[in-house]
Amino acid sequence: MFLKKEIDLCINTYFSKISLHICININRKSDNMYHLDDNEYLSVPYYRKTRSICPECLEPIDAEIYEEDDQIWMRKSCEEHGHFKDKLSSSAKYYKWTHWAIKDKDGKVVWKFDKDGDANPPDCVGEDPRGCPYNCGLCEQHLSTCSLALIDLTNRCNFNCNFCYANVLQSGYLVEPTLEEIDRIMKHFRSKPIPAVSIMFTGGEPTVRKDFPEICKMAKDNGFKEVIVATNGYGFQKKNGGLEWTKKVKEAGLDTLYFQFDGINNTTYEKTRGIKNLMTYKQRALENCRKAGLDSIVLVATIAKGVTDIEVGNIIQYAIDNVDVVRGITFQPVSLCGRIAFEDREELRITNADVLKKIEEQTGGKISMENAWYPLSTIVEFGRVVAYLADVEPIEFTCHPDCGFASYMIVDPDSGEMAPVMDYFDPLKVIDFANRFWAKIKHKEKKPLKLFEDLLGDFGKTLDNGLNFLDKTQLRARFLLGVLQYMKKPGKLMEMFSRLIMRGDWESVSSFSYGALLLSSMHFQDAYNMDLERAKRCIVHFGIAMPDGSVKEISFCTMNSIHRPIIEKQVAKQITAKVRDEFDTSTGQTVEEIEQEVAQNGGIKKEEGI
């Protein structure tokens, strides 16, 4: 048995040796573009074939992804509607990095960002001869399981944003599932062999539903570990009862706000949301969350060229200033819907690489495109190890490398400023170690891997030999030691990281997130840049309760680009005058609230703000 005193001895021996390792690494110059500058891989023009859809008729067609003028493009042709070309990335170098693979001496791929996950059994047999994406869902062609389940609670909304994909005023009909239908969708996701761990309520604006607290409780009762709402802040910002309502939904089970946040300037919101003085509305929602102890907010910024891309630095600083309640930022380059000429798309199109460049420019190079960002799929094996050691359900980011990129920012205890997590450890080496460790756990190999022998000499052999796979404490200690050898700086981060690995529960994950910011950029596909290989690996799935009692599960991008109007017409209800006139979308408030406020004011001039 690997006893506690032996673990302590191992840790003490480790830290005596790691001190020198940290001193050596702390002043090491960062590698450019993740160790690839000297790799001949970069000199070969990128090219691959895939399948896409025609932006006009939406029929599946062949497509090519290729490199031209240091950028990555997609070209495709429809026999009926002609040729189409669209930009996938403004940086060929960055795109090629995310499609990089590690190969052995024989040229066999041993690791890549494009990960294979464990898929659930298909919900249906694909009968449409066109194949993906017309056999959702899900059919046997889907390669990843759902990590985040989505339910559109309503398409009613207090805003009327011109680029929204689910809005009652623009669609002309009402889509709002009943509580029984919502429960049916939840059970669909939770009853699978690999159940979805997290759920997000979307819309429309989900918080306009009066039964929203009940729906949050229903999600917890169905076993979802993380309950999230994608919101513009409506329910949380109410002047009358907003704080009490926020406390109520937190107690009911809501964990996180996916909070629409385009910047800090009112002029920006007037352009994106058509509402004046909206920042007071946003700030009121955040303050009520702070007072209610709802301290997990992710700021979500829709990035449009020349409109909100100038705000990315402001948004990051705002998150830092409110890091007690803000846990992350998600930048979402706007998807282009409808018929748009190539010249106009060139003017409007902004890619993930463009966003990362803007972040670097507006943070003075502190968050560099060259060494701060990784595809979301990078941490798959690391997450599997932590989940296995903690006996919790894993969240698997086996999405396509093009889906999104992320970076962690940590508060520097010396300066009080945010610094990229890469300043603290070498991510590639940590991931490589996690991959090898997971292989050993997964296959329970009798022949031990030499994970520690090179680090600790003869004593390290005791860590590699005689591994007891039933002793999770032993496994956690060994994994922690392996990870910490790649730390560049000691301190609070090392302590939080150690707690995360040694305990691995949701509280430890939350503790690691507290005082840190997860920055991500997620570019959802549209009909012009649709790569069906991406769609097959989607891990964010809508669930829709159908009239026949079944639940359709459909990947995010294909739902919004292809399936939404067809499915919604099957479940839609007729829009009434009450629903149509419920909100004054020029202020974001209900008509009743606005009329009441004016009446109670007694003619006194109101304060500026929403």
Side-chain angles (χ1 to χ4, degrees), residues 46-69 71-90 95 126 128-137 139 141-142 161-167 170-172 302-307 332-355 399-400 402-404 521-538 540 542 554-569:
Y46 187 87
Y47 179 84
R48 69 180 170 93
K49 292 182 179 181
T50 188
R51 292 279 285 172
S52 185
I53 58 174
C54 170
E56 298 282 342
C57 63
L58 303 182
E59 288 295 311
I61 55 177
D62 291 331
E64 297 173 295
I65 297 175
Y66 64 99
E67 181 177 347
E68 180 180 273
D69 298 329
Q71 298 178 329
I72 300 294
W73 295 82
M74 172 182 282
R75 62 188 171 209
K76 53 191 178 181
S77 296
C78 174
E79 291 182 1
E80 183 177 352
H81 298 104
H83 303 287
F84 299 91
K85 176 181 177 180
D86 199 66
K87 187 187 298 180
L88 298 187
S89 178
S90 61
Y95 188 90
D128 193 315
R130 295 174 295 177
C132 183
Y134 284 99
N135 283 314
C136 289
C139 78
Q141 287 186 275
H142 207 82
C161 309
N162 56 16
F163 46 75
C164 182
Y165 57 77
N167 183 297
Q170 295 184 30
S171 67
T302 300
I303 304 300
K305 188 181 292 186
V307 180
Q332 295 180 347
V334 65
S335 295
L336 304 180
C337 302
R339 184 175 297 174
I340 307 172
F342 174 75
E343 293 76 13
D344 294 331
R345 274 186 282 120
E346 267 288 88
E347 185 68 25
L348 295 170
R349 178 66 79 194
I350 185 167
T351 69
N352 272 323
D354 294 313
V355 174
C399 50
H400 194 276
D402 292 357
C403 289
S521 180
M522 300 181 68
H523 194 175
F524 299 120
Q525 300 185 96
D526 51 53
Y528 291 98
N529 59 18
M530 179 71 68
D531 180 354
L532 293 181
E533 291 305 312
R534 269 188 68 179
K536 291 176 184 178
R537 294 185 178 276
C538 180
V540 180
F542 280 100
I554 301 179
S555 64
F556 185 94
C557 292
T558 61
M559 176 66 175
N560 292 328
S561 297
I562 301 170
H563 299 292
R564 180 174 290 279
I566 301 170
I567 289 178
E568 287 190 343
K569 287 177 182 177

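Residues Pro60 and Pro133 meet the side-chain proximity criterion, which asks for heavy atoms closer than 4.5 Å. His523 places a side-chain heavy atom less than 4.5 Å from the side chain of Asn529. Side-chain contact between Pro333 and Thr351: absent, with no pair of heavy atoms (C-beta onward) separated by less than 4.5 Å. Taking 4.5 Å as the limit, some side-chain heavy atom of Ile554 sits within range of a side-chain heavy atom of Ile567. Two residues are said to be in side-chain contact when any heavy atoms from C-beta on lie closer than 4.5 Å; Cys78 and Glu56 fail this criterion. Looking at heavy atoms from C-beta onward, Ile61 lies out of side-chain contact with His81 at the 4.5 angstrom threshold.
In this structure, His142 contributes its side chain and Cys538 its backbone to a donor-acceptor pair below 3.5 Å. Looking at Gln141, its side chain does come within 3.5 Å of a backbone N or O of Cys132 through a donor-acceptor pair.
Taking both residues in full, the closest heavy atoms of Asp402 and Asn352 are given as O-ND2, 3.9 Å, listed atom of the first, atom of the second, then distance. Contact between Tyr134 and Glu59 at its shortest, heavy atoms only, is OH-N, 4.3 Å. When every heavy atom of Ser555 is checked against every heavy atom of Thr558, the shortest pair comes out as OG-OG1, 2.7 Å. Of all non-hydrogen atoms in Ile303 and Ile350, the two that sit nearest each other are O-CG2, 3.4 Å. Ala353 approaches Ser89 most closely through the heavy-atom pair CB-OG, 3.6 Å.
The SG atom of Cys54 lies 12.5 Å from the CE atom of Met530; values are rounded to the nearest 0.5 Å. The distance from atom CG of Asp86 to atom CH2 of Trp73, rounded to the nearest 0.5 Å, is 7.5 Å. Atoms SG and CG, from Cys403 and Asp531 in turn, are 9.0 Å apart once rounded to the nearest 0.5 Å. Interatomic distance, Cys139 SG to Asp128 CG, rounded to the nearest 0.5 Å: 10.0 Å. In this structure, Tyr528 OH and Met74 CE are separated by 13.5 Å, a value rounded to the nearest 0.5 Å. Interatomic distance, Thr50 OG1 to Glu533 CD, rounded to the nearest 0.5 Å: 4.5 Å.
The pair Arg349-Asp526 meets the salt-bridge criterion, with a side-chain N (NZ, NE, NH1 or NH2) lying under 4.0 Å from an Asp/Glu carboxylate O. We find that Lys87 and Asp354 are not joined by a salt bridge, their nearest charged nitrogen and carboxylate oxygen being 4.0 Å or further apart. In summary, Lys76 and Asp62 do not engage in a salt bridge, as defined by a charged side-chain N under 4.0 Å from a carboxylate O.
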Would you check, one step at a time, whether the test side-chain contact (heavy atoms from CB on, under 4.5 Å) holds for Phe542 with Arg564?
CA-CA 10 Å; Phe542 280 100; Arg564 180 174 290 279; 3.5 Å; yes
In sequence, state the C-alpha distance, the side-chain angles, and the governing distance for Asn560 and Ser335, and then conclude on side-chain contact (heavy atoms from CB on, under 4.5 Å).
CA-CA 10 Å; Asn560 292 328; Ser335 295; over 6 Å; no
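Partners of Tyr46 according to the ring pair (Phe, Tyr, Trp, His ring centres under 6.0 Å) rule, which considers only residues two or more places apart in sequence or in another chain, are Tyr95, His99. Residues meeting the salt bridge (Lys or Arg N to Asp or Glu O under 4.0 Å) test with Lys85, sequence neighbours left out: Glu68.
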